[in-house]
Amino acid sequence: MDLKFNNSRKYISISIPSKTDTMSPHIKSVDDIRVLGINLSQFQKPVQFFICVTGVFVFYLIYGYLQELIFSVEGFKPFGWYLTLVQFGFYSVFGLVELQLTQDKRRRIPAKTYMIIAVLTVGTMGLSNTSLGYLNYPTQVIFKCCKLIPVMIGGVFIQGKRYNAADVSAALCMSAGLIWFTLADSTVAPNFNVTGVLLISLALCADAVIGNVQEKAMKLHNGSNSEMVLYSYSIGFVYILVGLAITSGLTPAISFCSKFPFQTYGYAFFFSLTGYFGISFVLALIKVFGALVAVTVTTGRKAMTIVLSFLFFAKPFTIQYIWSGLLVVLGIFLNVYSKNMDKMKFPHLYNILKKRGTEGKSRTFSQTV
């Protein structure tokens, strides 16, 4: 719409651009949900849910399978940091390609912020990958389900937060489940090493911090997902490269992988690609259906990952895995419930008994009549 005022001395033109013009390429319309080039907004809600859930399960199940498959190559377990280096390299390329497809290619988040995020990203993924050299894959997945524990500990000691009974119960269930699962793993797994527990615990702590830092940076500076991926992973790539060069870990890893190029670089490419695609569907699931549904779906995916791990890869099994895993799932449910109490209102025991008592009296009265 144009408003024009014209006289002999002045000419004023006020132009109001269309909605599509005013939108930054980093701010998508609520109705415009795109995943891997697919516009989900053209489908109905049930179809959108089916597509997102299918994407999460397919890509992340392949991701977990390939990750364990890489570490099943004999002699590869000491090279977890090199796998992270290769993974960061692929993620940087994927982020660059996606960023080139957008109209606005400017970097919006400060470089100092990206340096901090890169350190946390290296800690999260590097320590997580390296822990597989010491732990069974199901044990690592169980630990990943319990990010609430370091988040709550940090909230209490750093920010002085107070948590409700549901959150505390969730943390206790997760802690008990983790201890139970770890003790079971230590009794049946021949290659169990407490170093793996320490590594995955540190990875959880970094993961608990990185989400808050990323969210704050993206909201404050209006950065895009592709920009975040490109700069955080490319800077992290440099960090790991320098670290491996200093510790003399680069040459042995390259020498080993050159002997098995397909089992290492080939698997790592598809491992990185499926992880990159999987997070796209998770973000779409959160945007369309909310965090409650997303947590439920990803928890189901992790449970399926553990089941497939026992099916496809030979490893010892004990019934304690099931009971301890269910205890962790209970903790996850309590955590989700505490954050969505207004949406998930369960009747109190007193109200149930009161209602039953009323119903019983009414039935007696009707029978008497």
Side-chain angles (χ1 to χ4, degrees), residues 26 60 63 67 70 78-102 104-133 140 143-144 147 150-151 154 158 198-250 253-254 257 265 268-269 271-280 282-283 286:
H26 299 287
Y60 269 119
Y63 175 89
Q67 186 180 30
I70 293 172
F79 306 122
W81 278 108
Y82 184 72
L83 174 63
T84 310
L85 176 71
V86 175
Q87 186 179 6
F88 273 48
F90 282 130
Y91 275 20
S92 301
V93 173
F94 299 153
L96 179 62
V97 172
E98 184 177 357
L99 191 63
Q100 293 302 313
L101 297 177
T102 62
D104 191 351
K105 302 177 179 61
R106 293 175 297 171
R107 176 175 58 82
R108 295 170 176 264
I109 300 176
K112 291 183 179 179
T113 304
Y114 275 127
M115 291 181 181
I116 297 174
I117 294 175
V119 171
L120 296 173
T121 307
V122 168
T124 299
M125 300 184 66
L127 294 172
S128 178
N129 286 336
T130 307
S131 68
L132 279 178
Q140 189 214 47
F143 269 87
K144 285 184 177 181
K147 187 168 62 175
V151 170
I158 298 176
L198 178 61
L199 291 173
I200 193 62
S201 299
L202 292 175
L204 272 184
C205 294
D207 193 25
V209 176
I210 190 173
N212 295 323
V213 177
Q214 285 178 330
E215 182 180 1
K216 181 179 179 181
M218 294 180 72
K219 287 183 177 180
L220 182 62
H221 303 285
N222 191 24
S224 65
N225 290 338
S226 55
E227 176 194 335
M228 176 66 67
V229 170
L230 172 61
Y231 288 100
S232 59
Y233 283 99
S234 58
I235 296 174
F237 178 87
V238 176
Y239 288 165
I240 300 175
L241 183 63
V242 172
L244 287 175
I246 294 176
T247 58
S248 302
L250 193 60
I254 295 176
C257 293
Y265 295 116
F269 170 77
F271 162 68
S272 304
L273 186 65
T274 52
Y276 191 84
F277 287 165
I279 191 62
S280 300
V282 171
L283 293 174
I286 293 173

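Just so you know, these numbers use all the heavy atoms, side chains as well, and skip hydrogens, waters and symmetry mates.
- Between the CD1 atom in Ile240 and the OG1 atom in Thr121 there is a gap of 9.5 Å [rounded to 0.5 Å].
- The CD atom of Glu98 lies 3.5 Å from the OH atom of Tyr276; values are rounded to the nearest 0.5 Å.
- For Tyr82, the side-chain hydrogen bond (donor to acceptor under 3.5 Å, both in side chains) partners are Tyr265, not counting sequence neighbours.
- Heavy-atom minimum distance, Ala118 versus Ser232: CB-O, 3.5 Å.
- Thr130 meets the side chain to side chain contact (heavy atoms under 4.5 Å, CB included) test with Trp81, Tyr134, Leu199; sequence neighbours excluded.
- A heavy-atom distance below 4.5 Å is found between the side chains of Ile70 and Phe271.
- Counting all heavy atoms, side chain and backbone alike, Ala203 lies closest to Ser128 at CB-N, 3.8 Å.
- Ala268 and Val86 make their closest contact through CB-CG1, 3.9 Å (heavy atoms, listed as atom of the first residue, atom of the second, distance).
- Partners of Tyr239 under the ring-ring contact (aromatic ring centres under 6.0 Å, His included) rule, at least two apart in sequence or in another chain, do not exist in this structure.
- Scanning both residues, Leu120 and Ala206, for their nearest heavy atoms gives O-CB, 3.8 Å.
- Shown here are the side chain to side chain contact (heavy atoms under 4.5 Å, CB included) partners of Phe237, two or more places apart in sequence or in another chain: Leu85, Phe88, Leu241.
- Closest non-hydrogen pair, Val229 versus Gly95, comes out as CG1-CA, 4.2 Å.
- Classified by interplanar angle (parallel below 30°, tilted 30° to 60°, perpendicular above 60°), the ring pair Phe94/Phe90 is parallel.
- Qualifying side chain to side chain contact (heavy atoms under 4.5 Å, CB included) partners for Pro110, counting only residues two or more places apart in sequence or in other chains: Thr113, His221.
- Note that OG1 of Thr124 is 9.5 Å distant from CD1 of Ile200, once rounded to the nearest 0.5 Å.
- The aromatic rings of Tyr233 and Tyr91 stand perpendicular to each other, their planes meeting at an angle above 60°, with 30° marking the opposite boundary.
- In this structure, Met115 and Val119 have side chains that are not in contact, with every pair of non-hydrogen atoms separated by 4.5 Å or more.
- Annotation: side-chain hydrogen bond (donor to acceptor under 3.5 Å, both in side chains) contacts of Thr84 (sequence neighbours excluded): Asn129.
- The two residues Ser92 and Leu230 make their nearest non-hydrogen contact at O-CD1, 3.4 Å.
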